[in-house]
**Student:** 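Just passing along the structure, written as structure tokens.
For reference, positions follow the sequence shown, starting with 1. Since this is a predicted model, take the numbers as computed values, not measurements.
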Amino acid sequence: MNYTDNPKLRQNVSFDTLPEAVQTILDEVRAINLKFDTLPAPQQPEEEDRFVDINEIRKNIFPQWKKQTIYNKCSLGEIPHSRIGGRLMFNVKECREWRDSQLQRGKIKASDEIEAEAQAFLSKKGGLK
């Protein structure tokens, strides 16, 4: 039922018609929510195919490396990157693919591997002194 379909509610809401008006509003809100629930999820832009700066690529793709390591690897041409407006920029998709290929070849270690090696080293040496 639409609020304006009810002649009693088309006029100003009074104390006597308030419960019916509130119920009508609640029914309409539920109907709107049902319509939203049946809508397809909005298409997210291709997160992978975008350029980000060194801070974001370090945070999301290379968290085990310091900034200087990333700069060094860029200067050696090891990591895919571009200069856009004089700034060092990284395509998320290309960097993720490069990192995954390096992980498969065993050329770089994942964060959990580094953590496990550090724990093993510390337990052998009797901990930090």
Side-chain angles (χ1 to χ4, degrees):
M1 170 196 265
N2 191 332
Y3 179 78
T4 56
D5 291 343
N6 188 330
K8 275 174 85 178
L9 298 178
R10 232 180 293 150
Q11 300 160 8
N12 289 337
V13 176
S14 68
F15 183 77
D16 295 331
T17 61
L18 185 60
E20 190 177 347
V22 169
Q23 186 59 50
T24 302
I25 291 169
L26 289 174
D27 291 342
E28 288 184 17
V29 167
R30 285 185 192 107
I32 291 169
N33 282 338
L34 284 174
K35 288 180 181 180
F36 275 111
D37 290 344
T38 59
L39 288 175
Q43 290 289 340
Q44 294 295 325
E46 186 70 32
E47 181 270 330
E48 297 274 321
D49 201 18
R50 63 188 178 99
F51 282 88
V52 297
D53 65 8
I54 192 165
N55 294 318
E56 193 166 341
I57 205 72
R58 180 177 176 263
K59 183 173 93 176
N60 295 319
I61 306 295
F62 306 115
Q64 71 275 26
W65 290 347
K66 294 181 179 179
K67 267 186 179 181
Q68 191 57 49
T69 302
I70 296 172
Y71 283 126
N72 291 343
K73 290 188 176 289
C74 288
S75 69
L76 295 171
E78 293 180 15
I79 298 177
H81 64 282
S82 299
R83 289 220 176 257
I84 299 174
R87 293 183 62 201
L88 196 60
M89 300 296 282
F90 302 86
N91 181 288
V92 175
K93 182 178 180 181
E94 289 176 8
C95 286
R96 184 170 283 132
E97 288 170 356
W98 180 84
R99 180 203 59 199
D100 292 345
S101 73
Q102 298 300 304
L103 284 169
Q104 286 176 345
R105 292 181 192 158
K107 291 193 173 190
I108 60 175
K109 296 178 181 176
S111 297
D112 55 343
E113 289 178 290
I114 295 170
E115 177 86 23
E117 286 179 7
Q119 291 299 328
F121 177 79
L122 290 174
S123 64
K124 266 197 277 184
K125 295 290 184 184
L128 292 175
K129 295 181 180 180

**Student:** Do Gln104 and Asp100 have side-chain atoms, one donor and one acceptor, less than 3.5 Å apart?
**Tutor:** no

**Student:** Shared ILVMFWY cluster between Val52 and Ile54, side chains joined below 4.5 angstrom?
**Tutor:** yes

**Student:** Atom NZ of Lys35 and atom CZ of Arg30: how far apart are they, to the nearest 0.5 Å?
**Tutor:** 15.5 Å

**Student:** Roughly how far, to the nearest 0.5 Å, is CZ of Arg50 from CG of Asn91?
**Tutor:** 9.5 Å

**Student:** With rounding to the nearest 0.5 angstrom, report the OG1 to CG distance, Thr38 to Asn33.
**Tutor:** 10.5 Å

**Student:** I need the minimum non-hydrogen distance between Arg58 and Ile70, along with the two atoms involved.
**Tutor:** CB-CD1, 3.7 Å

**Student:** Please give me the minimum heavy-atom distance between Lys67 and Asn55, naming the atom from each residue.
**Tutor:** CE-OD1, 2.6 Å

**Student:** Show your reasoning for whether side chain to side chain contact (heavy atoms under 4.5 Å, CB included) applies to Gln102 and Trp98.
**Tutor:** CA-CA 6 Å; Gln102 298 300 304; Trp98 180 84; 3.5 Å; yes

**Student:** Nearest heavy-atom pair of Cys95 and Pro80: which atoms, and what distance?
**Tutor:** SG-O, 3.4 Å

**Student:** Should Thr69 and Lys66 count as side-chain neighbours, where that means a heavy-atom distance under 4.5 Å?
**Tutor:** yes

**Student:** Less than 4.5 Å apart, side chain to side chain, heavy atoms only: is that true for Ile61 and Phe90?
**Tutor:** no

**Student:** What closest approach, in Å, do His81 and Cys74 show between heavy atoms, and which atom pair accounts for it?
**Tutor:** CE1-O, 3.2 Å

**Student:** Would you kindly confirm whether Tyr71 and Ile57 end up in one hydrophobic cluster when ILVMFWY residues are joined by side chain heavy atoms under 4.5 Å apart?
**Tutor:** yes

**Student:** Are the side chain of Asp53 and the backbone of Glu56 linked by a donor-acceptor contact shorter than 3.5 Å?
**Tutor:** yes

**Student:** Is any side-chain heavy atom of Phe62 less than 4.5 Å from a side-chain heavy atom of Lys73?
**Tutor:** no

**Student:** Treat each ILVMFWY residue as a node, draw an edge where side-chain heavy atoms are under 4.5 Å apart, and state whether Val29 and Phe36 are in one component.
**Tutor:** no

**Student:** Applying the 4.5 Å side-chain criterion to the ILVMFWY set and letting contacts propagate, would Ile79 and Val92 be lumped into a single cluster?
**Tutor:** yes

**Student:** Take Leu18 and Val22 through the side chain to side chain contact (heavy atoms under 4.5 Å, CB included) test and state the conclusion after the steps.
**Tutor:** CA-CA 6 Å; Leu18 185 60; Val22 169; 4.0 Å; yes

